Amino acid sequence: MRQQKQASYLDAFIPIVVLVSLLGAAVYLYGDNSSSGPNQIALLFATFTAALIGLKNGFTWKTLEEAMIKGITISLGAILILLMVGALIGTWLLSGTVPTLIYYGLQIIHPSWFYAAGCLICGIVAMSIGSSWTTAATIGVALLGVANGLGLDPVVTAGAVISGAYFGDKLSPLSETTNLAPAVAGSDLFEHIQHMLWTTVPSFVIALIIFIFMGFNADVSSESSKIDEIATILQSNFNISIFNLVPLAILLGLAIKKMPAFPAISIGAVIGAIWALLFQGDLIASQVNPDEGVLVSHFKLVWATFFDGFSLETGNAKMDDLLSGGGMSSMLTTTWLVMTALMFGAIMEKTGLLELFVKSILKVAKSTGSLIASTVATCFGTNLVAADQYIAIVVPGRMFKEEYKQRGLRSVNLSRTLEDGGTITSPLIPWNTCGAYMQSVLLINPLDYAVYAFFNLINPFLAIVYAYLGIKILKIKPKTMQQGTPASDAP
């Protein structure tokens, strides 16, 4: 058996340089289409580079292959959700659920406070169901349609959706990342959520103020005519009714009842298909071949919506893009990106290349402020390199846990920082699993909407400011064991 050698800093930097260079080349050569294949190839080449370094340092190919397989296995739950979200979008377009949300949104939301209202709505929904992904795929898609009708910027709207969705997800006890961070750090879930309020709520309030200001300064001179045009197209192609919102209500109810995401979204997609058959008969009839018979043709179209999405031709190109899409097949490119990203992250962790960066950081992180700032930077860097928010929480959490304890810092400081730096920054990176998902749902490149995802930008910065000023940085007390505080916080 070959003896494994410890990796050098040069070893650690080589895969990073390869990845960054190839990702930069992909964006330069392919632009917005870089996530449709070029980024995946870049990640594969970077993975092979890291694997070669691992082989040089004594790792066997079998060990590295097992690490890659394990890394992909971690993502299978997310991939199942991803595929089913594609089916849900398709059936909800056909059932009229998304078009109805757009129609009523146009009637209710005024352009001067649209960005802020959209951000707040997404925050409330995400907090209720614990899922930024589901919120973006349902409420987010509808809000983009409303923005189109109001003549507002879809990129800014996407930034508002991301801000609201991740604010709600971050504070929801139903969220996977909100449970994962305290589990890794060794803190209590609800104490973790309470401690996060100090950095999360001010960041969200600042983001809302910015969105309100942008809404007041938005150019909506053609608002009325666009709204009327879109409303007419929606009414002429769909049976618009309040009953079309039942699938959404059922999905929210299942999520609030803490049903896991995959079965809840699956039920939502099936309900959407049933609703399409019940309420959109005329639309379905216009899309099928009458020679096949009513029953067969209708069933065939609805079935195809699950795997291939829905396509509509209204005579208006923008509306066609808005009202067409979904299907599991639309998520295959994103699934490919998720798998290659996690393969790279798994190899980097297994070979000890990620750990080298953390050790070098600890050498210069002398104060509490610099330690927390370093944790935020490490979480963001892991999101860049490992390309997954779960890895960006677990790896820095494991590596910094003892350091926080040795410096007399309570574990809630670490769990909050893991979310401030890991959860929040994940959708801002195009090749990250969250960024790739959001692009596949919202159809806007993360590099574009990242500038307007104000909550996601402000929160990590505010966390660092708090750390250096010593605001709400909790210390371990000598008598915490007698007072019933978790043992991990005892000196």
Side-chain angles (χ1 to χ4, degrees), residues 86-112 114-115 117-118 121 136-158 160-161 215 218-248 269 272-273 275-290 297-298 301-302 304-305 308-327 330 440-444:
L88 179 136
I89 293 174
T91 61
W92 280 23
L93 284 169
L94 181 62
S95 68
T97 301
V98 171
T100 298
L101 280 168
I102 295 172
Y103 180 83
Y104 287 129
L106 288 171
Q107 315 304 315
I108 297 172
I109 301 180
H110 192 273
S112 62
F114 171 79
Y115 296 137
I121 291 169
T138 54
I139 307 300
V141 171
L143 285 171
L144 282 169
V146 176
N148 186 58
L150 296 173
L152 295 170
D153 191 336
V155 178
V156 178
T157 303
V161 168
D219 181 12
V220 291
S221 57
S222 59
E223 160 201 346
S224 179
S225 61
K226 285 189 175 182
I227 292 176
D228 291 341
E229 180 184 0
I230 289 180
T232 300
I233 291 174
L234 291 173
Q235 287 179 314
S236 61
N237 288 278
F238 297 90
N239 175 24
I240 301 296
S241 167
I242 194 71
F243 293 109
N244 293 341
L245 301 181
V246 170
L248 174 61
W275 245 241
L277 292 169
L278 290 176
F279 296 102
Q280 304 298 336
D282 291 341
L283 173 62
I284 294 176
S286 68
Q287 298 275 315
V288 300
N289 181 1
S297 61
H298 282 51
L301 177 67
V302 172
T305 303
D308 205 27
F310 173 68
S311 180
L312 183 66
E313 294 183 5
T314 65
N316 183 307
K318 289 186 177 181
M319 289 301 293
D320 291 347
D321 291 339
L322 179 64
L323 299 173
S324 302
S330 69
S440 68
V441 169
L442 303 178
L443 304 179
I444 295 175

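Keep in mind the model is a prediction, meaning the values are calculated, not measured.
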Set of side-chain contact (heavy atoms from CB on, under 4.5 Å) partners for Val302, sequence neighbours left out: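 Val302 satisfies side-chain contact (heavy atoms from CB on, under 4.5 Å) with Leu94, Ala273, Leu277, Ile284, Phe306 only.
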
side-chain contact (heavy atoms from CB on, under 4.5 Å) partners of Asp153, counting only residues at least two apart: Tyr115, Val155, Val156

Minimum heavy-atom separation for [X] to [Y], with atom names?
X	Y	result
Gly86	Ser330	CA-OG, 4.5 Å
Asn239	Gln280	N-OE1, 2.9 Å
Phe114	Leu152	CD2-CD1, 3.4 Å
Ala87	Ala269	C-CB, 4.2 Å
Ala158	Ile444	CB-CD1, 3.7 Å
Val441	Ala137	CG1-CA, 3.4 Å

Considering the options Leu93, Leu312, Ile233, Asp282, which one meets the side-chain contact (heavy atoms from CB on, under 4.5 Å) requirement together with Phe238?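 One option only clears the test, and that one is Leu312.
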
A side-chain contact here means heavy atoms from C-beta on lying under 4.5 Å apart; do Leu323 and Leu234 qualify? yes

Is the shortest side-chain heavy-atom distance between Pro154 and Leu144 below 4.5 Å? yes

For residues 95-104, please give each side-chain donor-acceptor pair under 3.5 Å, one per line with the distance, not counting sequence neighbours.
{"unit_1": "Ser95", "atom_1": "OG", "unit_2": "Thr91", "atom_2": "O", "d": "3.1"}
{"unit_1": "Ser95", "atom_1": "OG", "unit_2": "Trp92", "atom_2": "O", "d": "3.3"}
{"unit_1": "Ser95", "atom_1": "OG", "unit_2": "Thr97", "atom_2": "N", "d": "3.4"}
{"unit_1": "Ser95", "atom_1": "OG", "unit_2": "Thr97", "atom_2": "OG1", "d": "2.9"}
{"unit_1": "Thr97", "atom_1": "OG1", "unit_2": "Asn244", "atom_2": "O", "d": "2.8"}
{"unit_1": "Thr100", "atom_1": "OG1", "unit_2": "Gly96", "atom_2": "O", "d": "2.6"}
{"unit_1": "Thr100", "atom_1": "OG1", "unit_2": "Asn244", "atom_2": "ND2", "d": "2.9"}
{"unit_1": "Tyr103", "atom_1": "OH", "unit_2": "Gln235", "atom_2": "NE2", "d": "2.9"}

Distance (rounded to the nearest 0.5 Å) between Ser311 OG and Gln287 CD: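 CD of Gln287 is found 7.0 Å from OG of Ser311.
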
